[in-house]
Amino acid sequence: MIDSPRQRTYEVRTFGCQMNVHDSERMAGLLEDAGLVPVSEGQADVVVFNTCAVRENADNKLYGNLGLLAPVKEKNPDLQIAVGGCLAQKDQAAIAEKAPWVDVVFGTHNVGSLPVLLERARHNKRAEVEILESLDVFPSTLPTKRESVHSGWVSISVGCNNTCTFCIVPSLRGKERDRRPGEILAEIEALVADGVIEVTLLGQNVNSYGVEFGDRLAFGKLLRACGEIPGLERVRFTSPHPAAFTDDVIEAMAETHNVMPQLHMPLQSGSDKVLKDMRRSYRSAKFLGILEKVRQRMPDAAISTDIIVGFPGETEEDFQETLRVVEESRFATAFTFQYSKRPGTPAAELPDQLPKAVVQERFERLTALQDRISREENERQVGRQVELLVTEKTGRRGGETGRLTGRAPDQRLVHFSVPDGSEIPRPGDMVTVTITEAAGFHLVADVEQGEYALRRTRAGDAWDRSQADSCGIPVQPGTASGASAAPRAVSLGMPLLPPRGAAADRSEP
């Protein structure tokens with residue numbers, strides 16, 4: 001009997017933002033189209049790093065990971081290592097020079113070339129470096145291996161036309177290019193037909209969508225069109241720019257039944273002087289005015305933000321303005337960053353770069369303030385009844401507590417118990433619970449019989465099918481009989497991007 005050749009395995013390691021997560025799903029889809037399968041245990045035959053270049057330690061993170069693979073590659077020359085994403089676009093051939101054991105380097109504009117480059121490197125037995133300066137194929141037309149059966153990312157644009165002085169993304173992702181609404185809606189409809197009930201619309205600046213084809217109201221129209229898609233229960237988007245955020249988008253959010261009451265609105269700084277130095281074309285009064293309008297139309301909206309501490313020239317008075325705006329804004333979550341000097345950005349050449357100790361001290365004050373606000377805002381949720389979309393992931397103590405995990409409409413993380421004798425929900429199902437406890441970065445719903453309602457969904461059915469496909473054993477609905485009845489967590493879920501800073505690793509118990 002002749003043994004069939006073993007299928008090669010792959011692993012994609014993702015760093016950075018949701019755009020990178022979306023790109024990684026495309027990379028996985030391309031590799032599976034080429035006949036590879038995801039690694040289940042041991043060392044993969046192909047390891048792909050999808051990199052980020054926004055933070056100063058991005059280089060250290062990549063080369064540290066590559067260094068760990070160097071001895072593995074020496075023992076197994078057939079191992080292939082590929083580096084893509086923003087850092088690859090920035091450093092290009094320098095990656096192969098610094099880490100000569102890397103087989104492929106590709107950029108943000110040619111994700112679709114990955115399988116061909118891997119095969120070419122294997123045939124030629126040398127590193128293949130291919131960096132394009134403009135997009136060759138829109139990523140959403142490529143094959144996809146989604147990490148979640150119930151949720152999907154949908155890119156509506158790529159690139160950015162803004163010139164923020166701290167940001168390297170426009171030079172790596174290029175000028176904004178918009179997809180046509182029909183293409184976007186067709187992709188969403190295909191996802192829904194596959195069991196997806198939640199989509200997140202992605203773009204570097206989603207609310208400037210439509211400028212390329214001459215319709216400045218296109219994003220609000222797109223949100224309303226999403227409301228007409230049968231079976232689509234939740235719509236989210238990230239990230240808008242305050243300067244381009246218009247009232248028609250607020251109205252579309254408030255009036256479209258499946259657009260969730262959640263908004264990520266990057267502040268960056270509360271100081272008008274610093275915002276000017278950043279080339280952020282809005283000021284703190286406009287920012288706060290947008291939040292006021294949003295809450296007038298959606299009183300329960302949860303708003304998150306990005307903030308940079310220690311931008312060049314930031315004074316203590318400037319920082320106090322940031323604290324003031326944060327206090328007034330009442331963010332549910334803030335992704336806080338210490339300013340990172342990035343070569344090639346205008347801010348890197350500015351005078352008055354702040355000492356590390358000053359930046360660290362301000363960062364700690366800001367995170368302490370936001371930690372307090374996050375807890376206070378969470379405490380306001382106690383007693384509320386919410387419908388959760390059950391996720392594949394559970395909290396770190398899920399096995400001990402027996403709690404499962406879901407996301408509320410406002411995207412808050414909720415760990416909930418299932419009453420004895422009740423049917424256990426599947427990832428993708430909906431449960432209605434009452435919030436009983438608040439922590440800084442999550443909520444708890446410990447419910448009794450009568451306080452828990454399960455709604456089985458098409459997404460839960462799709463999860464059943466995915467389990468049957470992966471192991472050949474149909475997943476049957478069960479009943480809870482205490483903590484031990486909770487299903488084991490699986491690793492199919494959409495990666496969670498926790499708040500940076502002090503809260504980064506504390507979002508799950």
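Keep in mind that this is a model prediction, so the values were computed, not measured.
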Regarding [X] and [Y], do their side chains bring together a donor and an acceptor under 3.5 Å, going by distance alone?
X      : Y      : value
Gln411 : Arg236 : yes
Ser151 : Glu198 : yes
Asp371 : Ser374 : no
Glu176 : Ser208 : yes
Tyr10  : Gln80  : no
Thr14  : Ser24  : yes
His22  : Ser155 : no

With a 4.5 Å limit on heavy-atom distance, are the side chains of [X] and [Y] in contact?
X      : Y      : value
Leu66  : Val83  : yes
Asp318 : Thr322 : no
Val47  : Val72  : no
Met278 : Val274 : yes
Val390 : Thr405 : no
Leu117 : Glu130 : yes
Ile156 : Phe237 : no
Ile290 : Pro242 : yes

Under 4.0 Å between a side-chain nitrogen and a carboxylate oxygen: does that hold for [X] and [Y]?
X      : Y      : value
Arg180 : Glu183 : no
Lys273 : Glu314 : no
Arg13  : Glu11  : yes

Could you give the distance from [atom1] ([X]) to [atom2] ([Y]), rounded to the nearest 0.5 Å?
X      : Y      : atom1 : atom2 : result
Phe49  : Asn65  : CZ    : CG    : 4.5 Å
Lys90  : Thr108 : NZ    : OG1   : 13.0 Å
Ser157 : Arg179 : OG    : CZ    : 10.0 Å
Glu321 : Arg283 : CD    : CZ    : 13.0 Å
Phe287 : Ser329 : CZ    : OG    : 5.0 Å
Trp463 : Ser148 : CH2   : OG    : 11.5 Å

With [X] as reference, evaluate [options] under the side chain to side chain contact (heavy atoms under 4.5 Å, CB included) test and give the passing residue.
X      : options                        : value
Val196 : Val149, Leu191, Val154, Ile188 : Leu191
Val199 : Val192, Ile184, Asn258, Leu232 : Leu232
Thr367 : Ile307, Thr336, Val309         : Thr336

Taking only distance into account, with no hydrogens and no angle test, what donor-acceptor pairs under 3.5 Å do side-chain atoms of residues 346-357 form with protein atoms, sequence neighbours excluded?
| residue | atom | partner | partner atom | Å |
| --- | --- | --- | --- | --- |
| Gln353 | NE2 | Ala347 | O | 3.0 |
| Gln353 | NE2 | Leu350 | O | 3.0 |
| Lys356 | NZ | Gln338 | OE1 | 2.8 |

ask   = Should Arg362 and Glu364 be marked as a salt bridge (charged side-chain N to carboxylate O under 4.0 Å, His left out) after you check the CA-CA gap, both sets of side-chain angles, and the distance that decides it?
value = CA-CA 5 Å; Arg362 289 179 185 171; Glu364 290 173 1; over 6 Å; no
request  = Using a cut-off of 6.0 Å, state whether more than 12 heavy atoms not belonging to Glu316 lie near its atom CD.
outcome  = yes
key: Sequence neighbours excluded - salt bridge (Lys or Arg N to Asp or Glu O under 4.0 Å) pairs with any residue from residues 206-224   =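 Of all non-adjacent pairs touching residues 206-224, those that pass salt bridge (Lys or Arg N to Asp or Glu O under 4.0 Å) are Asp215-Lys221, Arg224-Glu255.
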message = Enumerate the salt bridge (Lys or Arg N to Asp or Glu O under 4.0 Å) contacts for residues 34-54, please, sequence neighbours excluded, ordered by first and then second residue.
response = Arg6-Asp45
inquiry  = Using side chain to side chain contact (heavy atoms under 4.5 Å, CB included), reason through Arg280 and Cys164 one step at a time and then give a plain yes or no.
reply    = CA-CA 6 Å; Arg280 301 284 288 180; Cys164 302; 3.4 Å; yes
request  = Kindly give the heavy-atom pair with the smallest separation between Leu69 and Leu79, and that separation in Å.
outcome  =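 Closest approach of Leu69 to Leu79: O-CD2, 4.5 Å.
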Minimal non-hydrogen separation, Ala44 against Thr9, with atom names = CA-OG1, 3.3 Å
Measure from the side-chain N and O atoms of [X] to the backbone N and O of [Y], and report whether any donor-acceptor pair falls under 3.5 Å.
X      : Y      : value
Asn207 : Phe219 : no
Lys175 : Gly159 : no
Asn76  : Asp78  : yes
Ser284 : Ser271 : no

Lys73/Asp103 under salt bridge (charged side-chain N to carboxylate O under 4.0 Å, His left out): CA gap, chis, key distance, verdict = CA-CA 10 Å; Lys73 174 84 170 182; Asp103 298 273; 2.7 Å; yes
request  = Let me see the working for Leu68 and Tyr63 under side chain to side chain contact (heavy atoms under 4.5 Å, CB included), right down to the final yes or no.
outcome  = CA-CA 9 Å; Leu68 294 174; Tyr63 290 111; over 6 Å; no
request  = Show your reasoning for whether side chain to side chain contact (heavy atoms under 4.5 Å, CB included) applies to Val235 and Met260.
outcome  = CA-CA 6 Å; Val235 178; Met260 294 294 97; over 6 Å; no
ask   = How far apart are the C-alpha atoms of Asp277 and Thr165, what are their side-chain angles, what is the distance that settles it, and do they pass the side chain to side chain contact (heavy atoms under 4.5 Å, CB included) test?
value = CA-CA 7 Å; Asp277 291 343; Thr165 56; 5.7 Å; no
request  = For this output row, return yes or no: ring centroids of Tyr282 and His241 closer than 6.0 angstrom.
outcome  =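 Yes, close enough.
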inquiry  = Taking the six-membered ring for Trp, are Phe331 and Phe335 closer than 6.0 Å centroid to centroid?
reply    =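 Centroid separation for Phe331 and Phe335: 6.0 Å or greater.
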inquiry  = By the definition ring pair (Phe, Tyr, Trp, His ring centres under 6.0 Å), identify the one residue from Phe311, Phe363, Phe319 that meets it with Tyr339.
reply    =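 When ring pair (Phe, Tyr, Trp, His ring centres under 6.0 Å) is applied between Tyr339 and each of Phe311, Phe363, Phe319, only Phe311 qualifies.
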